[in-house]
Peer 1: 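Can you keep this structure in mind? I'll have questions shortly.
The analysis underlying the following values was restricted to heavy atoms, covering all of them including side chains, and did not include hydrogens, waters or symmetry mates.
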Amino acid sequence: MANRIGVYVCHCGTNIAGKVDCSEVARYAGGLRDVVVSRDYQFMCSDPGQDLIVEDIRSLGLNRVVVASCSPRLHEKTFQKACARAGLNPYMMQHTCIREHCSWVTKDPDEATRKAEHIVSAAVRRVSRHQELFSREVGVLPDVMVVGAGIAGIQAALDIAKSGHMVHLVEKGPSIGGHMAQFDKTFPTLDCAACISTPKMVAVSQEPNIHLMTYSEVTEVDGFVGNYKVTVRRKPRYVREDICTGCGTCLEKCPTKVLSEFEEGIGMRKAIYRNSPQSVPNTPVIDAEHCLKLTKDKCGACEKFCPTGAIDYTQTESSVTLEVGSIVLATGYDAMDPSPIREYGYGRFDNVYTALQFERLNNAVGPTGGKIVLKDGTPPQSVAIIHCVGSRDANYHPYCSRVCCMYALKYDHLIKDKVGHNVPIYNFYMDMRCFGKGYEEFYERVQGEGVTFIRGRPAEVLEEDGKLVVMAEDTLLGEIVRVPVDMVILCTAMEPRKDTAEVARVFGVSRSQDGFLLEEHPKLGPVSTATDGVFLAGTCQGPKDIPDAVAHASGGAAQALALAAKGTVSISPTTSYINPDICVGCKVCIDLCAYSAIEFDERRQVSVVNEAMCKGCGSCAGYCPSGAAQIKHFNETQVFNELEGLLMPVKPPAPAPEQTQPQMAKRPAAEVVPEEAAPEEAMPESAEPADAQA
């Protein structure tokens with residue numbers, strides 16, 4: 001069948017038309033081989049724009065379509081659906097970008113117009129070699145896995161469980177709650193963090209549709225969207241959860257003390273411990289690295305005094321494989337260690353604390369019982385709070401951590417409330433960013449409490465005569481200031497967890513430039529990832545405060561439930577394939593595949609692609625020494641045709657009213673260009689497709 005191509009050039013308001021002469025591009029496209037109709041329209045993605053394509057396909061018998069507009073990442077599926085509504089296979093459409101790739105990056109309008117014509121020419125050449133591809137439906141397993149049980153993971157798990165679906169909630173630590181379990185108060189309402197989070201934690205433990213696995217870690221993920229097989233490694237607690245009553249006798253009798261990670265290194269814990277009295281589960285865990293019984297076969301006090309006999313030193317690591325339809329990642333964040341910023345004295349001076357350390361100082365179940373004191377046990381008589389430690393800093397993290405300004409204001413209020421209203425507090429800030437509901441009002445409240453704000457990033461923290469001295473420039477006054485204080489609190493950046501690279505590898509997701517897990521689209525897909533069936537929740541995607549993390553988690557839960565509720569999912573056909581007649585069986589592609597989608601057929605001695613697992617990334621096709629590996633919809637013929645189209649000389653044909661129409665308000669029949677009248681001179685003979693030359 002002869003090609004009958006329709007070309008549609010979008011103005012995108014002035015995003016494209018501000019630099020590109022879209023009417024000229026449409027006229028040029030009308031002169032290309034096999035182009036039956038060429039139009040430009042202000043908003044092709046609008047309903048009238050899509051209807052234009054649908055009507056032309058039906059009335060003019062188009063069998064191929066080119067849309068030149070914004071990024072395919074934004075609207076390719078939109079135009080594919082429009083083609084499908086008209087009865088045309090959606091993969092017979094080529095979406096090419098003349099916004100991000102042309103109008104937004106080209107200063108000269110004439111140059112932008114010529115470049116757009118090159119891009120459209122390439123798309124027309126490419127679409128002529130497109131082939132029909134068909135998606136296929138596969139079933140979706142109803143269970144969902146949530147990885148990480150901070151406040152975001154808890155919210156996602158509870159939302160999914162309410163629908164009646166089983167949730168496997170996997171937490172790396174011995175108890176759930178994440179960083180929120182360390183907090184004392186939350187801004188701007190100063191609600192008790194435990195009062196908010198503990199009921200949700202208890203709800204998780206009591207929910208029959210939630211299978212909670214703490215002290216566990218996902219080690220392997222196999223399968224594809226709707227049909228994942230997840231291997232979870234369960235570390236031994238050395239305490240039987242089915243017998244332990246959480247009485248705490250073992251904690252009292254254990255003689256070994258070590259620094260507590262939960263207390264951020266300013267408090268101690270036993271070798272058998274739980275993070276806090278509100279821990280869920282309330283079953284303690286034995287630290288095998290420091291337990292005298294496990295390391296030296298001595299002591300055993302916890303076993304001797306346990307009234308229920310729950311201590312079990314014989315427990316070993318185990319693995320369990322779970323089958324789920326989708327996965328929600330809620331792995332959270334790490335607070336930056338400010339030790340590399342030597343000028344602020346953290347780790348060198350006793351009374352320089354991080355934000356999380358101050359949270360534990362202020363917490364009623366923290367190491368000081370909620371008293372804000374110095375290392376010598378006395379309350380501070382003056383405090384400096386340094387904002388943006390590691391954030392908005394090209395040497396560490398260029399992004400804003402979003403929460404630092406507000407929790408610094410919270411600390412201002414708590415110090416005034418607990419230590420005394422006469423205690424001077426100095427906030428060294430760059431810009432105050434109080435963006436949320438009630439945040440600006442809280443800022444004004446703290447200002448009214450007598451807190452001093454100094455605009456300028458401190459240069460150094462010194463120690464002189466038993467006092468800490470903050471050296472900074474007040475940029476509003478234009479003066480250097482030296483502020484002596486008893487305590488310094490560093491508002492440290494939120495940064496990706498140290499194991500984020502491994503998490504990204506295991507689950508097959510990407511990372512953004514700042515190191516957090518990368519969403520599918522920052523505006524239209526903030527909870528989805530490039531891996532179908534894997535969603536994001538909370539601060540693993542980027543810095544957020546608690547309300548935003550909870551809302552993001554509910555969004556991730558909704559996406560997972562949408563898959564589970566429908567019961568089926570469409571698998572994209574743009575996958576790799578390996579030509580068995582060319583494959584030499586070198587197996588190079590098997591090791592290259594990031595999704596383990598390629599297996600070796602021993603009988604035929606060739607590699608075979610599992611299309612259900614393949615994501616069409618192209619790694620195999622790019623490296624295959626024999627050229628046997630190709631990507632459907634991105635094969636060599638299509639790509640080379642596109643490149644040849646880019647190199648074609650652009651000489652727009654003279655306008656012919658019977659061939660092109662610059663505006664779409666009316667469409668007279670003369671717009672249709674009969675095939676036999678298609679201007680051959682628009683395409684040089686040397687640039688014809690390979691089969692035409694043959």
Side-chain angles (χ1 to χ4, degrees), residues 50 53-54 57 63-65 72-95 130-146 160 163-168 221-230 321-329 507-509 520-521 524-525 527-536 555-578 593-599 608-618 620 630-635:
Q50 294 181 54
I53 298 174
V54 171
I57 291 172
N63 54 24
R64 282 165 174 77
V65 169
R73 191 177 182 187
L74 219 63
H75 279 306
E76 183 176 43
K77 290 182 180 179
T78 301
F79 294 114
Q80 285 183 337
K81 289 177 181 177
C83 291
R85 289 200 303 273
L88 180 66
N89 186 284
Y91 292 94
M92 302 303 278
M93 189 275 298
Q94 175 64 15
H95 188 157
H130 280 200
Q131 299 171 334
E132 290 189 340
L133 299 176
F134 299 92
S135 302
R136 61 191 184 90
E137 299 284 325
V138 297
V140 174
L141 296 170
D143 294 357
V144 180
M145 174 170 285
V146 177
I160 296 167
S163 71
H165 291 270
M166 177 60 69
V167 182
H168 302 284
V221 178
D222 292 321
F224 51 94
V225 55
N227 297 267
Y228 286 114
K229 287 187 178 180
V230 184
T321 300
L322 303 170
E323 296 186 351
V324 297
S326 56
I327 299 168
V328 178
L329 297 179
F507 291 94
V509 298
E520 184 180 24
H521 191 279
L524 304 179
V527 299
S528 303
T529 68
T531 300
D532 295 335
V534 179
F535 307 103
L536 305 179
Q559 292 279 19
L561 281 176
L563 276 177
K566 186 177 180 183
T568 60
V569 65
S570 178
I571 300 294
S572 171
T574 57
T575 58
S576 299
Y577 71 94
I578 297 176
C593 183
Y595 303 97
S596 303
I598 305 178
E599 301 171 349
V608 179
V609 175
N610 181 343
E611 293 186 357
M613 296 173 66
C614 177
K615 303 300 179 185
C617 69
C620 55
Q630 293 285 307
I631 307 294
K632 296 175 183 176
H633 204 56
F634 293 93
N635 61 46

Peer 1: Under a 3.5 Å distance rule, please check whether Asn89 uses its side chain to pair with a backbone N or O of Phe134 as donor and acceptor.
Peer 2: no
Peer 1: After noting the C-alpha distance and the side-chain angles of His521 and Leu74, does the key distance pass the side chain to side chain contact (heavy atoms under 4.5 Å, CB included) rule?
Peer 2: CA-CA 8 Å; His521 191 279; Leu74 219 63; 3.1 Å; yes
Peer 1: Within the structure provided, determine whether Met93 and Glu76 are in side-chain contact (heavy-atom separation under 4.5 Å).
Peer 2: yes
Peer 1: With a 4.5 Å limit on heavy-atom distance, are the side chains of Val221 and Ile327 in contact?
Peer 2: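 A side-chain contact under 4.5 Å exists here.
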Peer 1: Does any part of the side chain of Leu141, heavy atoms only, come nearer than 4.5 Å to the side chain of Val324, both counted from C-beta?
Peer 2: no
Peer 1: So which heavy atom on Val144 is nearest to which on Ala560, and how close?
Peer 2: CG1-CB, 4.0 Å
Peer 1: Roughly how far, to the nearest 0.5 Å, is the OG1 atom of Thr575 from the NZ atom of Lys615?
Peer 2: 11.0 Å
Peer 1: Are side-chain heavy atoms of Asp143 and His168 found at a separation under 4.5 Å?
Peer 2: yes
Peer 1: Test side chain to side chain contact (heavy atoms under 4.5 Å, CB included) on Cys83 and Met92; report intermediate values, then the result.
Peer 2: CA-CA 8 Å; Cys83 291; Met92 302 303 278; over 6 Å; no
Peer 1: Please report the interatomic distance CG(Leu88) to CD1(Ile53), rounded to the nearest 0.5 Å.
Peer 2: 10.5 Å
Peer 1: Going by the side chain to side chain contact (heavy atoms under 4.5 Å, CB included) test, name the single residue among Glu132, His633, His130 that passes it with Tyr91.
Peer 2: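 So, applying the side chain to side chain contact (heavy atoms under 4.5 Å, CB included) to Tyr91 and each of Glu132, His633, His130, only His633 qualifies.
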Peer 1: Kindly indicate, with the supporting measurements, whether the criterion side chain to side chain contact (heavy atoms under 4.5 Å, CB included) is fulfilled by Asp532 and Val569.
Peer 2: CA-CA 10 Å; Asp532 295 335; Val569 65; over 6 Å; no
Peer 1: At their closest point, which heavy atom of Gly618 faces which heavy atom of Ile631, and how far apart are they?
Peer 2: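 That would be CA-CD1, 3.6 Å.
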Peer 1: Show the nearest heavy-atom pair for residues Cys614 and Gly616, with the distance to one decimal.
Peer 2: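 Shortest heavy-atom contact: SG-N, 3.2 Å.
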Peer 1: Please name the pair of heavy atoms, one in Ser528 and one in Gln559, separated by the smallest distance, quoted to 0.1 Å.
Peer 2: OG-NE2, 3.7 Å
Peer 1: Any idea which heavy atoms bring Lys229 and Thr321 closest together, and the distance?
Peer 2: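 Taking Lys229 first and Thr321 second, the nearest heavy atoms are CB-CG2, 4.4 Å.
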Peer 1: Quick check: do Thr531 and Phe507 have side-chain heavy atoms less than 4.5 Å from each other?
Peer 2: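 Answer no - side chains too far apart.
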Peer 1: Just do the side chain to side chain contact (heavy atoms under 4.5 Å, CB included) check on Gln50 and Thr78 with the steps written out, would you?
Peer 2: CA-CA 9 Å; Gln50 294 181 54; Thr78 301; 3.5 Å; yes
Peer 1: Please report the closest heavy-atom contact between Val609 and Ser576, naming both atoms and the distance.
Peer 2: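 Minimum heavy-atom separation between Val609 and Ser576: CG1-O, 3.5 Å.
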Peer 1: Any side-chain heavy atom of Ile598 within less than 4.5 Å of one from Ile578?
Peer 2: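 Answer yes - side chains close enough.
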Peer 1: Going by distance alone, is a donor N or O of one side chain under 3.5 Å from an acceptor N or O of the other, for Ser572 and Thr574?
Peer 2: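 Yes, Thr574 and Ser572 have a side-chain donor paired with an acceptor closer than 3.5 Å.
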Peer 1: With sequence neighbours excluded, tell me which residues meet side chain to side chain donor-acceptor pair (under 3.5 Å) with His165.
Peer 2: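 By the side chain to side chain donor-acceptor pair (under 3.5 Å) rule, His165 matches no residue at all.
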Peer 1: Return yes when atom CD of Gln131 has more than 12 non-hydrogen atoms of other residues, nucleotides or ligands closer than 6.0 Å, and no otherwise.
Peer 2: no
Peer 1: Between atom NZ of Lys77 and atom CG of Leu524, what is the distance when rounded to the nearest 0.5 Å?
Peer 2: 11.0 Å
